[in-house]
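Shown next, in C-alpha cells, is the structure this report addresses.
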Amino acid sequence: MKFSILNQIFGNNEAYPIVVIQYERDGFSVGREDQFHWALIVITDEKEKSGPCWQTFDRHYSDGRGVIWELYDGKVVHPERTTKCLGGVKVGSVKKSELKSLKEILGAHQPAPKFNEWNCRDWVVEAILCLQVNGWISEGVIPSQDFLLTGLREASAQTANTAPDSMTKRKSLVIVDHT
C-alpha cells in the first residue's frame with residue numbers, strides 16, 4: 001500500500017525501450033533485411049512486447065496524385081501477433097514521464113522524401129536523429145541503416161529460429177540490445 005501511495009505522489013518513472021522493428025515484405029525474408037519495412041516502437045508492455053508505434057508507408061495513386069507518404073502516428077501495435085515481424089533492435093529508452101514529449105516529436109516528423117529511393121528505413125533513421133537530440137537514443141547508436149542492419153539481421157535470424165507458440169503459431173520476437 002505504501003508503494004502505491006508513493007507512486008501516486010511521485011509518479012512511476014520507469015524507462016521504456018525504444019526499438020526499431022522490422023517486418024518482412026512480400027518476396028523478402030530472412031537474409032534480405034535491407035528490404036524489410038522498418039518502424040519505431042516504444043515498448044510500454046514488456047509481456048506483450050507492444051506499445052505506440054510510428055512508421056511511414058507510401059500509397060500509389062493513378063489519379064494524378066502520384067505517390068503520397070503517410071505517417072502511422074503512435075497507435076499501439078502488437079508485433080508478436082503477426083508472423084511478418086522479425087524482431088528488432090533496441091536503440092534507446094524514454095522515461096514514462098517523457099513519453100508524451102516523444103510522441104509529439106515523432107508525430108511532428110512527417111515523411112518528406114529527400115531523394116527518389118527514399119523509404120521507411122530512411123524515415124526511421126531521421127526519427128532516430130530527432131530523438132537523439134533529446135537524449136533518448138543511446139550514445140553508441142549510429143543513426144544509419146548500415147549500423148542498424150547488423151542488429152536487425154541478428155534479430156531476424158534468431159526470431160525465425162524460435163519455436164512457435166503451440167496455440168497461436170506465432171514466434172517470440174527477439175530484440176537485440178544496441179545500447
Query raised in the report: For the hydrophobic clusters of this structure (ILVMFWY residues joined by side-chain heavy atoms under 4.5 Å, transitively), does one cluster hold both Ile137 and Ile21?
Result: no

Query - Ser144 side chain vs Phe147 backbone, donor-acceptor pair below 3.5 Å - result: yes

Report task. Please report the shortest heavy-atom distance between Lys90 and Asp177, naming the atom on each side. Result -> CD-OD1, 3.8 Å

Report summary line: d(Lys100 NZ, Glu98 CD) to nearest 0.5 Å is 13.5 Å

Query raised in the report: Residues two or more places apart in sequence or in another chain: which of them pass ring pair (Phe, Tyr, Trp, His ring centres under 6.0 Å) with Trp136?
Result: none

Query raised in the report: Any luck finding a side-chain donor-acceptor pair between Glu126 and His109 under 3.5 Å?
Result: yes

Query raised in the report: Which atoms form the tightest heavy-atom contact between Cys85 and Thr159, and what is the distance?
Result: O-CG2, 4.1 Å

Report task. Check for a donor-acceptor pair, side chain of Thr82 on one end and backbone N or O of Lys84 on the other, with a separation under 3.5 Å. Result -> yes

Query raised in the report: What residues form a salt bridge (Lys or Arg N to Asp or Glu O under 4.0 Å) with Asp146, not counting sequence neighbours?
Result: none

Report task. Decide if atom CG of Asn116 counts as having more than 12 heavy atoms of other residues, nucleotides or ligands within a radius under 6.0 Å. Result -> no

Query raised in the report: How long is the gap from OG on Ser93 to CD1 on Ile18, to the nearest 0.5 Å?
Result: 6.0 Å

Report task. Start with the C-alpha gap between Glu14 and Lys95, add the side-chain angles, then the distance that decides, and say whether salt bridge (charged side-chain N to carboxylate O under 4.0 Å, His left out) holds. Result -> CA-CA 6 Å; Glu14 64 185 299; Lys95 291 180 181 175; over 6 Å; no

Query raised in the report: Should the pair His37 and Tyr23 be assigned to parallel (<30°), tilted (30 to 60°) or perpendicular (>60°) ring geometry?
Result: tilted

Report summary line: Between Val125 and Pro143 the two heavy atoms that sit nearest each other are CG1-O, 3.2 Å

**Report entry** Asp58 side chain vs Val67 backbone, donor-acceptor pair below 3.5 Å
**Finding:** no

Requested in this report: Return the minimal non-hydrogen interatomic distance between Leu173 and Pro79, and the atom names on each side.
Outcome: CD1-CB, 3.4 Å

Report task. Could you tell me whether the side chain of Val174 reaches within less than 4.5 Å of the side chain of Leu86, counting heavy atoms only? Result -> no

Query raised in the report: In Å and rounded to the nearest 0.5 Å, what is the OG to CG distance from Ser138 to Leu131?
Result: 11.5 Å

**Report entry** CZ-CD1 distance between Arg59 and Ile68, expressed to the nearest 0.5 angstrom
**Finding:** 10.5 Å

Query raised in the report: Do you know which two heavy atoms are closest between Val89 and Ile175, and how far apart they sit?
Result: C-CG2, 4.4 Å

Report task. To the nearest 0.5 Å, tell me how far Glu154 CD sits from His178 NE2. Result -> 8.0 Å

Query raised in the report: Do the non-hydrogen side-chain atoms of Tyr72 and Thr56 ever get within less than 4.5 Å of each other?
Result: no

**Report entry** Contact check, side chains of Glu80 and Lys49, non-hydrogen atoms, under 4.5 Å
**Finding:** yes

Report task. Establish whether Val94 and Ile43 are linked, either directly or via other cluster members, by ILVMFWY side-chain heavy-atom contacts under 4.5 Å. Result -> no

Report task. Using the rule that two of Ile, Leu, Val, Met, Phe, Trp, Tyr join whenever any of their side-chain heavy atoms come within less than 4.5 Å, decide whether Val77 and Leu99 are in one cluster. Result -> no

**Report entry** Sub-4.5 Å side-chain heavy-atom contact between Leu129 and Gln132
**Finding:** yes

Query raised in the report: Quick one: are Trp54 and Ile41 in side-chain contact, heavy atoms under 4.5 Å?
Result: no

Requested in this report: Take Phe36 and Cys120, measure what side-chain contact (heavy atoms from CB on, under 4.5 Å) needs, and give me the verdict at the end.
Outcome: CA-CA 9 Å; Phe36 284 6; Cys120 61; over 6 Å; no

Requested in this report: Quick one: pull up SG in Cys53 and NE2 in His78 and give me the separation to the nearest 0.5 Å.
Outcome: 11.5 Å

Query raised in the report: Is it true that a side-chain atom of Arg121 and a backbone atom of Asp34 form a donor plus acceptor pair closer than 3.5 Å?
Result: yes

Report task. Please tell me if the side chains of Leu40 and Val19 come closer than 4.5 Å, counting only heavy atoms from C-beta onward. Result -> no

Query raised in the report: For Lys114, does the NZ atom sit with more than 12 other heavy atoms under 6.0 Å from it, leaving out its own atoms?
Result: yes

Report summary line: With Pro52 as partner, the option from Thr44, Leu106, Leu102 fulfilling side chain to side chain contact (heavy atoms under 4.5 Å, CB included) is Thr44

Query raised in the report: Mind checking whether Trp38 and Leu148 have side chains closer than 4.5 Å, heavy atoms only?
Result: yes

Query raised in the report: With respect to Trp69, which candidate in Trp118, Phe57, Trp123 satisfies the ring pair (Phe, Tyr, Trp, His ring centres under 6.0 Å) definition?
Result: Trp118

Query - Heavy-atom closest contact (Asp73 atom, Gly107 atom, distance) - result: OD1-CA, 3.5 Å

Query raised in the report: With a 3.5 Å cut-off and no angle check, do the side chains of Asp122 and Gln145 form a donor-acceptor pair?
Result: yes

